[in-house]
Amino acid sequence: MSIACARIDKTIFKFKEMEQNVATQSKDDVYSKDFTQKKMDKSSSEYGRPKPGTLTEQRAKKAAAHVHREMLTLCEVVEDYGKQEKEGDPIRITFGRLFTIYVNISDKVVGTLLRARKHKMIDFEGEMLFQKRDDHVIITLLLSGAQLKEAIRAHAAANPKE
């Protein structure tokens, strides 16, 4: 008789625990009637980031890896098709030439350029580049050949499934 009571108590405890978990989760769920908005500090490391362990976090990591791979591909194209004026100078290519070459690889040339500049992989004058108007703008590869190869190796090691 006492074993049965212990089992019932254990089952009741589990249900109460599940109820508390659901109540806690519903406070964070935007679509729940119990939702309570939290005031986030903009300087917090959690601000603008998905919750750890969620599918959203996994998708964000996968997207970041894809963008990083595209930036490295762009740098490789600049390295392969760009020119150095003299030994030791950085490799350079005009936007028009790069656009013509890279558009066959990806239609996101300008976005990838902006992202690569933010990560200090390449540099160019101006805020935004437009086809035809900015064909003369020079794009400079800031990574040396060894740095680029190391970045590619590190990315491949960190993302073996790609």
I'd like to check the salt bridge (charged side-chain N to carboxylate O under 4.0 Å, His left out) partners of Glu150; sequence neighbours left out, ordered by chain and number. Arg153
Any side chain to side chain donor-acceptor pair (under 3.5 Å) involving residues 108-117? Give me the pairs, sequence neighbours left out, ordered by first then second residue. Glu70-Thr112
Sequence neighbours excluded, which residues qualify as side chain to side chain contact (heavy atoms under 4.5 Å, CB included) partners of Asp9? none
Working to the nearest 0.5 angstrom, can you tell me the gap between Met71 CE and Leu114 CG? 11.5 Å
Atom CG in Leu72, atom NE2 in His119: separation rounded to 0.5 Å? 10.5 Å
Taking side chain to side chain contact (heavy atoms under 4.5 Å, CB included) as the test, write out the residues that go with Ser32, two or more places apart. Ser26, Asp29, Asp34
Sequence neighbours excluded, the answer for side chain to side chain contact (heavy atoms under 4.5 Å, CB included) partners of Ile12 is Ile8, Lys16
Looking only at heavy atoms, the pair that brings Val137 and Glu125 closest together is CG1-O, 4.0 Å
Any residue meeting side-chain hydrogen bond (donor to acceptor under 3.5 Å, both in side chains) with Thr100, in chain and number order, not counting sequence neighbours: none
Using the test side chain to side chain contact (heavy atoms under 4.5 Å, CB included), find all partners of Tyr81 that sit at least two apart in sequence or belong to another chain. Val77, Ile93, Arg97, Ile101
Rounded to the nearest 0.5 Å, how far apart are CG of Leu129 and CG of Leu113? 6.0 Å
Could you tell me the separation between the CG atom of Leu98 and the CG atom of Leu74, rounded to the nearest 0.5 Å? 5.5 Å
Cluster question for you: counting only ILVMFWY and a side-chain heavy-atom cut-off of under 4.5 Å, with indirect links fine, are Phe13 and Val22 together? no
Same hydrophobic cluster for Ile138 and Val109, using side-chain heavy-atom links shorter than 4.5 Å among ILVMFWY? no
Salt bridge (charged side-chain N to carboxylate O under 4.0 Å, His left out) pairs, two or more places apart, involving residues 47-57: Asp28-Lys51, Glu57-Lys61
Is there a donor-acceptor pair under 3.5 Å between the side chain of Gln147 and the backbone N or O of Ser144? yes
If you group Ile, Leu, Val, Met, Phe, Trp and Tyr whenever their side-chain heavy atoms sit less than 4.5 Å apart, what else falls in with Leu142? none
Not counting sequence neighbours, which residues clear ring pair (Phe, Tyr, Trp, His ring centres under 6.0 Å) with Phe124? List them please. none
List for me each residue that meets ring pair (Phe, Tyr, Trp, His ring centres under 6.0 Å) alongside Tyr102, sequence neighbours excluded, and say none if there are none. none
Any heavy-atom pair between the side chains of Lys149 and Glu76 that's under 4.5 Å? no
Of all residues at least two apart in sequence or in a different chain, which pass the side-chain hydrogen bond (donor to acceptor under 3.5 Å, both in side chains) check with Arg92? Thr140
Decide side-chain contact (heavy atoms from CB on, under 4.5 Å) for Leu55 and Arg59; before the verdict, give the C-alpha distance in whole Å, the side-chain angles of both, and the deciding distance to 0.1 Å. CA-CA 6 Å; Leu55 287 174; Arg59 286 189 294 269; 3.5 Å; yes
Drop me the distance from Lys132's NZ to Phe99's CZ, to the nearest 0.5 angstrom. 8.5 Å
Thr94 side, atom OG1; Asp134 side, atom CG - distance, nearest 0.5 Å: 11.0 Å
Ile139 to Phe95 - nearest heavy-atom pair and separation: CD1-CA, 3.7 Å
Heavy-atom distance under 4.5 Å between the side chains of Leu141 and Pro90, does that happen here? no
